Amino acid sequence: MSLLFKHLRVHQIFGANTDVGKTILTTALVRASAARGIPVHYLKPVSTGHISDADDKHIDYFVGDRKANVDTACLFRFDEPVSPHLAVRMAQGRRSHKMDPPTDDAFVNAVSSHIRECAMHHDSISHMYVETAGGVHSPTLSGTTQVDCYRPLFLPTVLIGDSHLGGISTTISSYESLVLRGYIIDMVLLFHDGYYRNWEYLKPYFADRGIHVLSFDAPHKRLADPDEENALMKAYYAKLVPENHHSAIYDALDHLDQCHARRLAELESMPKRTLDTIWWPFVQHGHVKGTPDVNVIDSASQDFFTVYNGQSSSTLTSPHEPPVSLLEPQFDGSASWWTQALGHARPELTLAAAHAAGRYGHVMFPQATHLPALRLAERLVHEGPGKGWAARAFFSDDGSTGMEVALKMALRVFSTRQGCDVDVKEQKKWGILGLKGSYHGDTIGAMDACEEGVYTCEWHEAKGIWLDPPTVANRKGSFIISLPPAIAELAGAGSDTVRVSSLQEAYAVESRIKSPLAQAYECFIEQTLKNLKENGGPTIAALVLEPLVMGAGGMIFVDPLFQRVLIDVVRRELGLPVIFDEVFAGLYRLGMRSSGPLLGVQPDISVHAKILTGGLVPLAVTLASDSIFRAFMSDKKIDALLHGHSYTAYPLGCEVANKTLDIVEKIAASNDWDQARVKWNASVANQTRESSVWSFWDPEFVDKVARLSIVSEVMALGTVLAIKIRDDAGGYQSHSAQKLLASIKYSEQNNSVSAAPGGSPFGINYRTLGDVAYFMSSLNTPVAVVRSIQDRIWVTLTCT
């Protein structure tokens with residue numbers, strides 16, 4: 001992962017194309033650093049072609065009498081003068097046994113390890129240059145283009161521009177490719193060309209973007225005679241890097257040093273500046289003790305943040321120990337509040353957003369259409385979670401606003417079903433039927449659809465009733481359905497728990513629907529509704545559910561049989577519209593596209609967000625059946641759904657959502673998912689995948705954790721792992737989970753238990769809900785990373 005050292009200034013050298021002088025200008029930088037007496041490290045991660053033409057050998061030769069200050073290295077060397085991805089294949093063909101090329105993770109790990117080794121050599125200022133091969137999109141050994149392969153390292157970049165015919169275009173295109181992936185571009189260097197004069201155009205172009213550009217005289221055309229060629233190159237370098245230290249190449253060094261110093265200073269200043277200006281959500285600022293409590297995120301890639309540890313790095317090593325990177329990886333254990341699906345900085349999503357931004361920006365949507373929105377609506381309605389029941393898609397900003405839309409839809413439908421004599425004053429008192437622990441967002445209407453609790457505000461007016469639901473969990477190695485007292489009494493089981501043989505049995509709704517427990521559920525719900533009516537309770541206008549798991553309420557895994565029976569009863573007895581809030585649980589967060597197939601019933605309205613856009617931009621979609629849509633149809637404007645947002649059907653969000661769904665659907669049908677399903681004894685047949693229950697978290701690990709004395713219960717579904725800590729106080733205001741697992745937030749530099757791709761030990765950024773600690777993977781988190789997290793959790797819990 002990304003590295004940053006106080007005394008080792010590292011820059012990666014990218015070229016706008018092949019043959020643009022990347023090695024020559026890098027050699028000049030190396031010579032200039034060495035001429036100033038600064039130790040220099042040069043790394044060529046991949047070299048192809050005869051060793052006599054190798055870039056690291058060129059530097060060895062032309063640094064001259066400064067060689068004592070210069071260390072050069074190459075990690076992967078191939079004789080064939082072709083692209084690295086072809087060179088490794090050709091080398092394989094000559095071997096007697098098949099060998100796969102290094103993965104991107106293995107390659108990045110090798111580069112990262114070498115940089116760390118270089119950092120260990122000096123306790124004073126030193127420089128390092130990592131030179132890539134060819135252009136920014138030239139392939140690496142695996143076939144991934146360099147700009148994507150090197151991205152997890154996130155090294156500050158020097159771009160070598162193209163001075164040839166067409167070089168303006170290739171240089172700008174390379175720059176934009178780097179920008180789209182978030183690279184820090186500190187400088188652009190290129191040669192003068194007296195005919196094309198590309199530097200004259202590129203200097204003001206990049207100056208407008210705050211990027212320093214320097215240009216240099218180009219070397220002579222290469223000579224056939226090696227001795228003459230070497231003599232002329234020595235003379236060229238002597239002119240380019242003069243002994244008096246006064247030339248443009250030294251200006252380049254100064255600028256790179258300043259960039260490095262500014263980055264260090266900014267990272268160091270960010271915690272205090274943050275505490276002085278920012279008001280965080282869901283944070284009691286009175287508990288923030290100082291700058292060490294501020295998690296400074298410098299970048300993010302795949303499943304990891306790269307965080308600044310400079311505030312505590314002085315305590316990590318002594319003066320006699322190896323230097324510690326000021327940046328370290330931290331696993332995004334909450335999937336950034338449940339939004340991440342494919343990892344951070346996924347280039348396909350970034351490009352999708354850029355494409356839509358370039359084509360549309362944002363456009364007015366009422367009575368209009370555009371392809372990203374239309375395609376997304378069609379696939380969600382006809383192929384996605386709305387398949388078989390939904391007719392329309394309504395776009396909004398985020399999950400909370402999507403729920404506001406859903407509530408408006410449901411209340412209008414209930415109103416029309418009451419006829420023309422609806423009393424407006426009474427209508428204001430209508431409520432919803434939901435479950436205790438539910439949460440639908442932080443806008444006022446969404447808050448009013450929940451009972452009084454920690455998430456509500458001064459204007460909150462709870463409108464409805466909330467049933468205490470039975471829950472499913474693994475307790476001490478057994479899957480238990482916990483019953484509220486009222487249901488336990490009706491069930492007549494003599495206990496408030498019911499044991500089931502497995503996770504699969506607990507979620508086999510259709511096979512449980514005729515069970516005595518289902519009858520007890522039905523009786524409880526019918527009695528509750530009857531009592532509500534007889535005692536003058538509010539008129540219930542809709543049923544609102546978070547299917548299967550109530551997230552913010554404490555990762556409450558509701559018995560799916562109870563939700564199925566509840567839906568059946570309210571539809572039969574009251575004819576209520578049913579809303580599924582699938583903002584959190586939908587679109588494969590729990591291993592299935594939606595909860596309808598598992599529950600055996602579909603909603604009238606459902607809301608989708610979070611995973612919808614892969615965590616890149618906000619977007620929500622509220623799906624509705626045809627009967628819901630037709631409740632708003634008339635010849636009167638006032639009867640329309642008068643609700644909207646400035647960024648309705650935001651083209652960037654729609655385009656990103658389409659790309660996200662393309663990728664997610666492929667992942668959901670992958671062998672990796674099937675292997676995880678098999679571990680949980682879940683079906684891998686196409687017709688039952690949509691209703692099978694399983695998890696990315698290992699079942700043996702879940703079972704072992706559940707048996708710990710300090711743990712009350714554990715549950716895992718799909719990407720979600722929830723661990724409830726034994727605590728007599730319990731509830732949202734408990735600090736037990738936060739205190740117990742606090743140490744896992746930070747990496748342990750000598751800890752081999754948890755290593756990120758790239759080989760770095762990592763911390764885990766996780767969230768708690770009172771006495772519940774939860775962890776969440778992406779849909780494509782590597783098994784090795786999940787295993788590392790499990791190991792770290794296990795060690796922490798068992799050593800407490």
Side-chain angles (χ1 to χ4, degrees), residues 437 468-521 524 548-550 553-565 590-591 598-599 676-683 691-728 730 736-737 740 769-775 786 790 793-794 797-798 800:
D468 196 4
T471 60
V472 181
N474 184 327
R475 291 187 184 175
K476 308 308 174 190
S478 297
F479 282 96
I480 301 295
I481 298 173
S482 299
L483 305 176
I487 295 178
E489 184 178 347
L490 287 171
S495 171
D496 61 357
T497 61
V498 175
R499 181 172 297 189
V500 291
S501 62
S502 66
L503 182 72
Q504 302 305 323
E505 182 184 350
Y507 285 84
V509 174
E510 289 300 330
S511 65
R512 296 176 60 205
I513 196 67
K514 300 295 184 182
S515 67
L517 185 58
Q519 295 173 13
Y521 288 165
F524 166 74
L548 307 183
V549 181
M550 295 190 290
M555 293 298 162
I556 301 168
F557 290 76
V558 182
D559 182 3
L561 177 64
F562 180 79
Q563 291 189 321
R564 164 62 184 274
V565 173
L590 302 181
L598 186 146
L599 292 172
R677 289 184 179 103
V678 168
K679 278 190 174 184
W680 284 88
N681 298 316
S683 174
S691 57
S692 64
V693 287
W694 58 284
S695 178
F696 291 98
W697 304 93
D698 188 88
E700 292 185 7
F701 164 75
V702 172
D703 190 71
K704 285 197 317 181
V705 171
R707 295 174 188 271
L708 293 175
S709 59
I710 201 169
V711 171
S712 174
E713 60 187 39
V714 181
M715 267 298 283
L717 273 185
T719 68
V720 181
L721 169 70
I723 302 173
K724 189 172 185 178
I725 304 303
R726 188 173 297 281
D727 181 5
D728 292 337
S736 56
L740 186 63
L769 295 163
D771 53 356
V772 175
Y774 70 86
F775 302 86
V786 174
Q790 291 176 167
I793 294 170
W794 177 256
L797 290 176
T798 55
T800 300

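When a residue number appears, it is its place in the shown sequence, counting from 1. In this text, all values refer to a predicted model and were calculated from it rather than measured experimentally.
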Review item, side-chain donor-acceptor pairs of residues 556-563, under 3.5 Å, at least two apart:
residue : atom : partner : partner atom : Å
D559    : OD1  : R512    : NH1          : 2.8
D559    : OD1  : L561    : N            : 3.1
D559    : OD2  : R512    : NH2          : 3.0
D559    : OD2  : Y521    : OH           : 2.6
Q563    : OE1  : L548    : N            : 2.8
Q563    : NE2  : E546    : O            : 3.1

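- Looking at heavy atoms from C-beta onward, T497 lies out of side-chain contact with L483 at the 4.5 angstrom threshold.
- For Y774, the side-chain hydrogen bond (donor to acceptor under 3.5 Å, both in side chains) partners two or more places apart in sequence, or in a different chain, are W338.
- Residues forming a salt bridge (charged side-chain N to carboxylate O under 4.0 Å, His left out) with E505 (at least two apart in sequence, or on another chain): none.
- With sequence neighbours excluded, the residues that form a side chain to side chain contact (heavy atoms under 4.5 Å, CB included) with K679 are D698, P699.
- Take F524 and apply the ring pair (Phe, Tyr, Trp, His ring centres under 6.0 Å) test, not counting sequence neighbours, and it matches no residue.
- Among residues two or more places apart in sequence or in another chain, the side chain to side chain contact (heavy atoms under 4.5 Å, CB included) test is passed with D496 by A488.
- With sequence neighbours left out, S683 forms a side-chain hydrogen bond (donor to acceptor under 3.5 Å, both in side chains) with T688.
- Remark: R707 engages D703 in a salt bridge (charged side-chain N to carboxylate O under 4.0 Å, His left out) (not counting sequence neighbours).
- Between F479 and S501, the closest side-chain pair of non-hydrogen atoms is not below 4.5 Å.
- Around atom CZ of R726, more than 12 heavy atoms belonging to other residues, nucleotides or ligands sit under 6.0 Å away.
- For R564, the side-chain hydrogen bond (donor to acceptor under 3.5 Å, both in side chains) partners are E510, D568, not counting sequence neighbours.
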Distance-only criterion, 3.5 Å: show the donor-acceptor pairs between side-chain atoms of residues 713-723 and protein atoms not counting sequence neighbours.
residue : atom : partner : partner atom : Å
E713    : OE1  : R475    : NE           : 3.0
E713    : OE1  : R475    : NH2          : 3.3
T719    : OG1  : R589    : O            : 3.0
T719    : OG1  : R589    : NH1          : 3.2

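- For A520, the side chain to side chain contact (heavy atoms under 4.5 Å, CB included) partners two or more places apart in sequence, or in a different chain, are L490, A491.
- Under the rule for a side chain to side chain contact (heavy atoms under 4.5 Å, CB included), P516 has no partner lying at least two apart in sequence or in another chain.
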